[in-house]
Amino acid sequence: MHYAEYKTILSPKNGVNLYRGCTHGCIYCDSRSACYQMKHDFEDVQVKRRASQILEAELRRKRKPCMIATGAMYDPYIPLENKFELTRQSLALILKYKFGVALQTKSAGVLRDLALLKAIHAQTKAVVQMTLTTYDEDLCRILEPHVSTTADRFEALLALKQAGIPSVVWLCPLLPFINDTEENLLGILGYCRDAQVKGVLCFGFGLTLREGNREYFYQKLDQFFPGLKQRYMRQFGNSYSCLSPKHEALMQIFHQRCAEWGLMHRQEEIFSYLNSFPVREEQSSLWEGL
């Protein structure tokens with residue numbers, strides 16, 4: 001790891017990235033892409049110095065509270081978080097200044113901050129977004145080797161449900177010829193049903209590949225799935241979007257089962273839910289007086 005100086009933490013769209021890079025080792029990670037202009041090795045995680053102080057100053061300057069998103073370009077619970085606790089400090093600030101949070105992760109480590117999430121949700125709104133891609137545990141350890149397995153994430157979702165914290169599952173990516181199967185889809189959706197998640201985000205059955213993550217992904221295909229890289233090259237060439245040949249059939253099953261089990265499954269509906277900040281009656285009166 002290494003430190004870096006920053007002047008801002010909060011993006012114009014109220015997103016927070018506290019680290020740059022990741023050590024989860026997911027073979028498909030888009031954040032490795034060259035377009036993000038990372039000037040260091042992806043596993044050499046950059047820690048943003050004074051992140052909490054900068055974030056607090058930015059939250060204090062905002063006239064109205066809103067939802068704060070975190071985890072879009074990194075995971076809030078990489079192992080370094082145990083040392084630096086930037087995620088925990090940020091959640092404490094979100095609670096202090098009465099904002100809401102939509103936190104995205106693929107780590108059961110989110111349960112460390114369950115008390116903070118409960119306090120935020122009691123005051124405004126907290127939503128945990130959990131990525132699930134692979135029902136088969138052995139395959140999960142290959143595709144996402146250094147983070148909680150899917151079964152552990154499912155247990156975390158159950159704990160969140162028990163604590164009254166709403167959740168949303170990101171069902172992506174589903175890798176062509178690897179985990180783009182009906183069995184995998186139904187297994188994950190069964191977890192979502194049992195954990196009573198609010199909704200499931202699916203952007204199609206496939207993945208995106210571009211300079212940076214394509215090379216790493218192909219290297220891992222050679223390591224774990226000999227011959228599959230050549231199949232990808234024949235099927236997709238240098239395409240950015242690599243849709244599974246089973247995409248349409250699986251999407252039909254996805255929408256049918258989600259509707260049957262009462263899970264939100266339309267992207268616009270889920271994003272509207274994630275972005276909406278609850279305005280309490282007393283808050284309305286306060287802002288009306290300004």
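Atoms considered below: every heavy atom in the structure, side chains included; atoms not considered: hydrogens, waters and symmetry mates.
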Restricting to non-hydrogen atoms, name the atom on Thr134 and the atom on Cys140 that form the minimum distance, rounded to 0.1 Å.
CG2-N, 3.7 Å
Whether the side chain of Glu81 engages the backbone of Leu86 through a donor-acceptor N/O pair (distance < 3.5 Å, no angle test) should be reported.
yes
Are Ile188 and Leu143 linked, directly or through other ILVMFWY residues, by side chains that come within less than 4.5 angstrom of each other?
no
I'd like to know if the side chain of Glu269 and the backbone of Met264 have a donor-acceptor N/O pair within less than 3.5 Å.
no
Please assess Thr133 against Glu144 for the test side chain to side chain donor-acceptor pair (under 3.5 Å), listing each intermediate value before the final yes or no.
CA-CA 9 Å; Thr133 68; Glu144 302 159 338; 2.8 Å; yes
With side chains defined as the heavy atoms from C-beta onward, is the minimum distance between Val101 and Leu95 less than 4.5 Å?
no
For Asn17, check side-chain hydrogen bond (donor to acceptor under 3.5 Å, both in side chains) against everything at least two apart and list the hits.
none
Once you round to the nearest 0.5 Å, how far does OH of Tyr216 lie from CG of Leu221?
11.5 Å
ring-ring contact (aromatic ring centres under 6.0 Å, His included) pairs touching residues 256-275, sequence neighbours excluded, are His255-His265
Result block: side-chain N/O donor-acceptor pairs under 3.5 angstrom for residues 237-245, not counting sequence neighbours:
residue : atom : partner : partner atom : Å
Ser239  : OG   : Phe236  : O            : 2.8
Ser244  : OG   : Asp180  : OD2          : 2.6
Ser244  : OG   : Lys246  : N            : 2.9

Less than 3.5 Å apart, any donor N or O on the side chain of Asn184 or Thr181 sitting next to an acceptor on the other?
no
Heavy-atom donor-acceptor pair, Thr105 side chain to Ser107 backbone, under 3.5 Å:
yes
How long is the gap from CZ on Arg20 to NZ on Lys48, to the nearest 0.5 Å?
7.0 Å
Between Arg153 and Lys106 (side chain of the first, backbone of the second, donor and acceptor by atom type, cut-off under 3.5 Å), is there such a pair?
yes
I need the full list of ring-ring contact (aromatic ring centres under 6.0 Å, His included) pairs touching residues 159-211, with sequence neighbours left out, sorted by first then second residue.
Tyr135-Tyr191, Phe154-Tyr191, Trp170-Phe203, Phe177-Tyr232
Gln46-Tyr74 side chain donor-acceptor pair, cut-off 3.5 Å:
no
ring-ring contact (aromatic ring centres under 6.0 Å, His included) with His2: which residues, sequence neighbours excluded?
His40
So CG of Leu18 and CG of Asp75: to nearest 0.5 Å the spacing works out to 11.5 Å
When you compare the side chain of Met130 with that of Val197, does any pair of heavy atoms fall below 4.5 Å?
no
Between Cys172 and Thr131, what is the shortest heavy-atom contact and its length?
O-CG2, 3.5 Å
Would you find a donor on one side and an acceptor on the other, under 3.5 Å apart, between the side chain of Glu58 and the backbone of Thr8?
no
Please check if the side chain of Asp136 supplies one atom and the backbone of Leu139 the other of a donor-acceptor pair under 3.5 Å.
yes
Can you tell me how far apart CG (Leu91) and CD1 (Ile94) are? Round to the nearest 0.5 Å.
5.5 Å
How close do Thr124 and Pro278 get, counting heavy atoms only, and between which atoms?
O-CG, 3.4 Å
Compare every heavy atom of Tyr36 with every heavy atom of Ser31, then report the nearest pair and how far apart it is.
O-CD1, 3.7 Å
Asp113: what forms a side-chain hydrogen bond (donor to acceptor under 3.5 Å, both in side chains) with it, not counting sequence neighbours?
Tyr77, Arg88
